[in-house]
J.: 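First the structure, then my questions, so here it is.
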Amino acid sequence: MTRQVKTARDDVARGSQRPTTLTSRRNAGAGSRAGPFTSAPLDQGGLLATQRLAGNRAAVWQVQQAPNTSEPMSRQPVPLVPWTGDPVSMANALRNLLLNQELDRIADSLGMLWIRGIVDTLRMLKLDAGAYAAIVASARFKGNNRLMAARDVVEGRPPATAGLFNDQAVELRAMSDVPNWPNIIGPYVRHSPQLPNSDLASDPSDDPVLTSPAYRAALFDAIRRNRMMTGQYLLNTVKPRPADRVPGGYKYVGPSHKGDSPSELNVPDPKQEEVNKALWKELGVGEGTQASINTWDTAKFSFGPGFAAVGMLRQVMDNLTKAGSEVLVPLRNAGLIFERGTWFVVDTEAQVVRSGNQALELLSKDVGLIQTFLDTAGDANMRKQWMDAEWKAMQGASGAAAVPPEVVEKWPVELIVFVAHCVHWGGLTWKDWKSTTPPSLFHVVRTQARHVDRRADDPRILTHLSAATFLGFSNRLLERTLKAQGRRMGIEANLPDGWSTGFAGAVALPTKTSTPVFHVIEADE
């Protein structure tokens with residue numbers, strides 16, 4: 001027993017547990033491990049005595065007591081469900097007991113977990129509203145102070161911690177305070193170097209609990225566990241490619257949802273509506289589904305249809321904030337916010353808050369955070385919020401959908417879409433393209449090429465990634481145009497020195513990475 005108690009106390013001090021991989025959700029590491037056994041009913045005195053010995057972990061005790069047949073049936077011992085290794089499978093195991101109405105067994109099994117295990121398992125049970133309601137309404141559940149305090153946290157109320165030991169009260173308080181982390185650990189903490197406005201700062205020293213090392217460790221651990229309870233997605237790993245300036249990272253393209261679109265695509269003017277729908281098809285669907293992630297390129301982190309964290313995703317986040325969108329809640333609970341033009345991400349390992357480029361570096365590598373974004377895209381209501389915020393950002397002053405009326409009226413839709421994708425990529429905006437006379441497609445390419453990556457050994461040549469991006473725009477409009485006009489040149493060696501003479505801005509687009517074959521765009525002949 002001495003060794004078990006020491007282990008339990010050490011685990012509490014560390015504020016974390018070893019995670020276990022699951023098939024449907026990732027383990028929060030928030031339970032207790034105990035072998036199968038049958039115990040007596042959990043009386044409050046026995047439970048408190050065990051907690052006093054074992055710290056925050058109640059499940060290390062193993063009371064062996066023969067059934068007392070003289071007691072009423074409601075007092076007979078029930079076999080407890082041992083901790084399964086993660087809150088998802090634990091919740092499933094307990095939910096299965098509802099088939100036989102074993103509510104006492106469910107409550108007693110929950111009561112044997114760590115505080116964090118109770119909270120995390122209840123959160124998973126809450127996904128099944130009917131099962132959760134039956135469990136929390138049972139008499140045995142309602143008679144257990146620890147379970148009721150955990151329920152408070154799960155349902156967003158300050159936990160009633162009267163009668164609980166201090167370490168349990170501290171953990172419950174920390175889990176309850178997760179949504180308020182910016183005011184406790186940054187960026188809105190007085191004297192914080194990340195603080196953008198000291199007038200809006202909070203001062204955690206006003207509350208001694210907030211300055212407790214145990215509380216801070218529990219707060220960081222609660223954020224870590226929130227990230228670990230996301231859905232599992234098969235992220236593809238992209239290897240670094242220095243020649244194309246690709247640092248490497250993760251990539252994921254989830255399923256699209258037929259008929260999904262922003263609320264404001266339909267407008268009275270037929271040509272404008274045609275343009276709107278074509279732009280959304282190109283940028284809202286063609287660039288990737290709402291459940292798409294890229295962390296492998298120089299943008300560090302892109303979400304949905306190509307919205308980069310260093311670019312338009314910032315405006316999207318601002319739009320979500322202004323709308324008070326639900327989608328921000330799981331991101332905040334996972335330790336990520338975008339405030340006043342700056343990304344802030346909680347580094348749960350180092351127990352600090354990263355900002356700016358450091359925050360994006362962490363975001364690009366933290367699988368739990370990446371999968372939290374994907375979880376929001378999988379929810380129909382939150383996905384709709386993303387799309388509305390994205391379309392609004394695209395219609396902003398520098399957005400791809402801010403097409404001038406004269407362009408809508410005079411240009412062909414395919415060219416509008418191509419230029420809009422260039423605007424979305426970065427460089428010129430629609431103010432620079434505003435004209436009643438449509439430009440040639442080759443002029444658009446040469447102009448946009450000034451703002452994209454080129455090969456280091458020959459600045460006349462775009463990187464293969466830049467070339468492939470151009471060729472994919474607007475249903476491969478550039479490729480179709482080149483072939484129709486016979487402008488494709490296959491070159492088996494280095495480009496001749498004189499190919500750009502007299503043609504300022506001429507560019508070469510490599511078609512393959514293995515051989516020197518190019519699309520050469522010179523003048524508009």
Side-chain angles (χ1 to χ4, degrees), residues 21 24-26 223-224 226-241 244-257 260 280 282-317 319-320 325 327-338 343-348 354 357-380 382-391 393-394 421 424-426 465 468-469 472:
T21 303
S24 59
R25 297 265 181 179
R26 297 175 57 197
I223 294 171
R224 177 192 68 84
N226 285 346
R227 294 178 189 173
M228 300 299 285
M229 286 191 289
T230 61
Q232 279 198 321
Y233 305 89
L234 298 177
L235 305 179
N236 296 317
T237 302
V238 178
K239 295 181 179 180
R241 298 199 305 270
D244 282 339
R245 301 182 183 179
V246 172
Y250 295 110
K251 179 180 181 179
Y252 179 84
V253 179
S256 59
H257 298 268
D260 268 6
W280 183 254
E282 175 84 3
L283 299 172
V285 179
E287 272 286 278
T289 68
Q290 291 301 310
S292 293
I293 290 284
N294 279 337
T295 73
W296 53 268
D297 58 15
T298 54
K300 289 295 184 185
F301 180 85
S302 297
F303 178 66
F307 286 88
V310 294
M312 291 295 289
L313 187 58
R314 299 154 63 95
Q315 184 59 55
V316 173
M317 295 295 287
N319 292 341
L320 290 168
S325 300
V327 72
L328 296 177
V329 174
L331 298 178
R332 189 183 185 98
N333 288 343
L336 178 143
I337 60 172
F338 181 77
W343 293 96
F344 296 96
V345 175
V346 175
D347 186 334
T348 59
R354 307 292 186 188
N357 290 335
Q358 288 185 343
L360 294 183
E361 188 69 29
L362 178 60
L363 172 58
S364 70
K365 297 176 180 178
D366 192 299
V367 173
L369 269 175
I370 291 170
Q371 299 196 121
T372 301
F373 273 88
L374 293 175
D375 269 355
T376 65
D379 179 274
M382 288 190 277
R383 188 168 63 249
K384 184 71 169 178
Q385 294 168 17
W386 276 116
M387 289 188 292
D388 287 344
E390 288 163 359
W391 182 248
M394 289 167 63
H421 213 144
H424 193 64
W425 197 359
L465 181 60
T469 303

J.: Is a side-chain donor or acceptor of Trp386 paired with a backbone partner of Gln290 at a separation under 3.5 angstrom?
T.: no
J.: For Tyr250, what residues pass the ring-ring contact (aromatic ring centres under 6.0 Å, His included) criterion, not counting sequence neighbours?
T.: none
J.: According to side-chain hydrogen bond (donor to acceptor under 3.5 Å, both in side chains), who are the partners of Asn333, at least two apart in sequence or on a separate chain?
T.: none
J.: Does Arg332 reach the main-chain N or O of Ile337 with its side chain, forming a donor-acceptor pair under 3.5 Å?
T.: no
J.: I'd like to check the ring-ring contact (aromatic ring centres under 6.0 Å, His included) partners of Phe301; sequence neighbours left out, ordered by chain and number.
T.: Phe373
J.: To check you understand the geometry: which heavy-atom pair defines the closest contact between Tyr252 and Leu234, and what is its length?
T.: CD1-O, 3.5 Å
J.: Under the side-chain hydrogen bond (donor to acceptor under 3.5 Å, both in side chains) rule, collect the residues that match up with Asn357, sequence neighbours excluded.
T.: none
J.: Can you check whether Tyr233's main-chain N or O pairs, donor with acceptor, with Gln371's side chain at less than 3.5 Å?
T.: yes
J.: Taking ring-ring contact (aromatic ring centres under 6.0 Å, His included) as the definition, give me every residue that meets it alongside Trp391, ordered by chain and number, with sequence neighbours left out.
T.: none
J.: What heavy-atom pair brings Ile370 and Leu363 nearest, and what distance separates the two atoms?
T.: CG1-O, 3.6 Å
J.: Could you tell me the separation between the CD atom of Glu390 and the CE atom of Met394, rounded to the nearest 0.5 Å?
T.: 8.5 Å
J.: So which heavy atom on Gly368 is nearest to which on Thr230, and how close?
T.: O-CG2, 3.7 Å
J.: Considering all heavy atoms of both residues, which atom of Ala309 and which atom of Trp343 are nearest to each other, and what is their separation?
T.: O-NE1, 2.8 Å
J.: Strictly distance-based, threshold 3.5 Å: is any side-chain N or O of Gln385 a donor or acceptor partner for the main-chain N or O of Val327?
T.: yes
J.: If you measure from NZ on Lys365 to OG1 on Thr295, what distance do you get to the nearest 0.5 Å?
T.: 9.5 Å
J.: Determine, stepwise, if the pair Leu374 / Ile293 fulfils side chain to side chain contact (heavy atoms under 4.5 Å, CB included).
T.: CA-CA 8 Å; Leu374 293 175; Ile293 290 284; 3.5 Å; yes
J.: Distance check, rounded to the nearest 0.5 Å: Arg354 atom CZ versus Asp366 atom CG?
T.: 12.0 Å
J.: I need the Asn319 CG to Met312 CE distance, nearest 0.5 Å.
T.: 8.5 Å
J.: Side chain to side chain contact (heavy atoms under 4.5 Å, CB included), that's the test. Do Val345 and Gln358 meet it? Break it down for me.
T.: CA-CA 9 Å; Val345 175; Gln358 288 185 343; over 6 Å; no
J.: Counting only heavy atoms from other residues, nucleotides and ligands, does the tally under 6.0 Å from NZ of Lys251 exceed 12?
T.: no
J.: For the pair Thr289 (side chain) and Gly254 (backbone), establish whether a donor and an acceptor sit closer than 3.5 Å, ignoring hydrogens and angles.
T.: yes
J.: If we ignore hydrogens and angles and just use 3.5 Å, is the side chain of Asn294 paired with the main-chain N or O of Trp296 as donor and acceptor?
T.: no
J.: Closest approach of Pro330 and Thr376, non-hydrogen atoms and distance?
T.: CG-CG2, 3.7 Å
J.: Who pairs with Lys300 by salt bridge (Lys or Arg N to Asp or Glu O under 4.0 Å), at least two apart in sequence or on another chain?
T.: Glu361
